[in-house]
Every structure is written in C-alpha cells, then in structure tokens.
Amino acid sequence: MIKLSKRLQTIADLVPPGSRIADIGSDHALLPTYLAERGIIAFGIAGEVNEGPFHAADKQIHEAGVRHVVEARLGNGLQVVSEGEVGVVTIAGMGGSLIASILEAGRSKLFSVNRLILQPNVGEDQVREWLIANHWSLTEEHILEEDGKIYEILCAVPEKAAVVSNDRLYEPRMIGGVRLSRRRLVKMGPYLVERPVDVWFKKWELELDKMEMICRQLGKSNLPASREKEHELREEMNEIREVLRCLQKDKPLFK
Ligand code: SAM
C-alpha cells in the first residue's frame, strides 16, 4: 500500500469518500492510487501531459491492482476529462500560474465539479485570483513544511455552494490590530491570516529575505524603473512586516 508524503496526505484527507476525481499532473499517480487502494474514491483519472510520467502512472496503477478504479490518461490539463465525469479535481506540485491556466483552459469541464483541491508550489495569489474571478470560494487553507519546503493547500467549492462568499472572505479588515487590504488577503491567505501558525510566519520571513535580495540587486542599477521597483518592493515589505508583527503579538497560544 502506498504511503503518502505529508503534503499529499493533506490533499488526500480533503477528498470526500465516494468521490470521482481527476488528479491533473499526477506524475506517478500516487494520490489517486492511494485513494483507490483505500476505497476512498469511486473513480479516478491520473492526468499527465508528459509521456514519461504518464507511463509511470500507468505502471503504478497496474502494480497496485487498482485499474478497475483509476485510469492514466495522456493529455494537457483538463483535456483528459470528459464533461460531467468527475466531481473533484486535484492539481498539485506546480506553480500557481500554471494551475490557474489549466483551470482557465478547462473551464467547460468544471460544471460538474464541486471541489477543487489545489497545491501551488509558488504563486498562491494567482490561484486565489483565478478562484475569485471564476466564482469559486475557498473553504479551507492549509500550510505545512516538509523536507525544508513550505506548501499551501487550498480547497474551494463553487461560490453558490459556499458558506462564506468571496466578498466576505476578502473584505478588507482589521486582524490583530492591523488592517489587511484585499490584495494582502489574496497574497497571505484569508483563512491563514485568521489563525496564523509558525510555518506561516516562517514562510513570510523567507519571502521577506527573498524580497530583500531583489532590492539589493535593484539597488545596483541607476535606472529609474529599478528605483521605482525597489521603492514598491520596500513598501510591500514594510506592509508584510507590520502584518507579521501584529499577528505575532496576537497569535493564539494553542495550534
Ligand atoms: N501532482 C504530483 C505531486 O504533487 O506530487 C506531481 C507533481 S509534478 C512536480 C508536476 C507534474 O505535472 C509533472 O509530472 C508534469 O509532467 C505535470 N504537468 C505539468 N503541466 C501539465 C499539464 N498542463 N497537464 C497535465 N500535467 C502537467
């Protein structure tokens, strides 16, 4: 039986029993195979755009003896899914802009889908912006660290089925004595900021380090565009520092 990494296990735990899922960019099909082995899903597609991972997925499914439940399919994004075929789509381990472009290109396949579970490696804000623009609403966000990397996992449902609308989720508000703009909530996570955990603080400290390095590079240039970019970045860094300072102070004692 497959044992999943902490990251994939967190995604697996968000799949409702009895689901029909498409795991896009499945690589070795670990997620759908795990879900099928445990009888959690009724049907699964392991979608892959590249031949190598597609064959690896097919082999995994065969060796685990779950071919009656999971199919490996070769194709770009949601092209491997027929309309109405699945209710849950998972896309993990890619950049946020690629995830957003896969969702955008496959919008017609999402009518029957009632849950998206997305794990961008970077660019989480681009995924949140796509969800807002396409009337999907987050129901939960997770953040975890594994093997020195920090991952966010976002779970969304169609906005009409959501308890909390996007207007409310991203409404600028005071949290822990600091005002968070819509943009800041999109960047930092509307649920993650409400209950910030240590790894979330660590992620943003690391982001600040990266931004500081970019600022230093920009500082070496005399171009007005570089000055302007550096100024913008410094302003954003000050805003992030203020959020971290206030939320750190306000952090719950339990996690
Ligand atoms: N989802 C697995 C995970 O999270 O462990 C594998 C992630 S792996 C880093 C990304 C996979 O996505 C690769 O196997 C790549 O071939 C596949 N991929 C990238 N773009 C894709 C697309 N447009 N459609 C389907 N698969 C894609």
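Order of listing sets the numbers, starting from 1, for every ligand and every atom in it.
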Whether [Y] and [X] form a salt bridge (side-chain N of Lys/Arg under 4.0 Å from carboxylate O of Asp/Glu) is what I want to check.
{"X": "Glu171", "Y": "Arg168", "value": "no"}
{"X": "Arg128", "Y": "Glu124", "value": "no"}
{"X": "Arg73", "Y": "Glu85", "value": "yes"}
{"X": "Arg183", "Y": "Glu236", "value": "no"}
{"X": "Arg179", "Y": "Glu239", "value": "no"}
{"X": "Arg182", "Y": "Glu129", "value": "yes"}
{"X": "Lys202", "Y": "Glu205", "value": "no"}

Ligand 1 contacted by Arg7 (non-hydrogen, < 4.0 Å): yes
Shortest protein heavy-atom distance from [atom], along with the residue and atom involved:
{"atom": "atom 2 (C) of ligand 1", "result": "Gly25 O, 3.4 Å"}
{"atom": "atom 27 (C) of ligand 1", "result": "Val49 CG1, 3.5 Å"}
{"atom": "atom 8 (S) of ligand 1", "result": "Gly93 O, 4.1 Å"}
{"atom": "atom 14 (O) of ligand 1", "result": "Glu48 OE2, 2.6 Å"}
{"atom": "atom 20 (N) of ligand 1", "result": "Leu98 CD2, 3.7 Å"}
{"atom": "atom 23 (N) of ligand 1", "result": "Asn76 OD1, 2.7 Å"}
{"atom": "atom 7 (C) of ligand 1", "result": "Ala92 O, 3.5 Å"}
{"atom": "atom 24 (N) of ligand 1", "result": "Gly77 N, 2.8 Å"}

Donor-acceptor side-chain pairing of Glu242 and Asn238 below 3.5 angstrom: no
Asn50 N/O to ligand 1 N/O under 3.5 Å: yes
Enumerated ligand 1 atoms positioned under 4.0 Å from heavy atoms of Ile102: 22 (C), 23 (N)
Counting only heavy atoms closer than 4.0 Å, does ligand 1 sit against the backbone of [X], its side chain, both, or neither?
{"X": "His28", "value": "neither"}
{"X": "Leu30", "value": "neither"}
{"X": "Ile91", "value": "neither"}

Backbone N/O of Ile132 and side chain of Tyr170: donor-acceptor pair under 3.5 Å: no
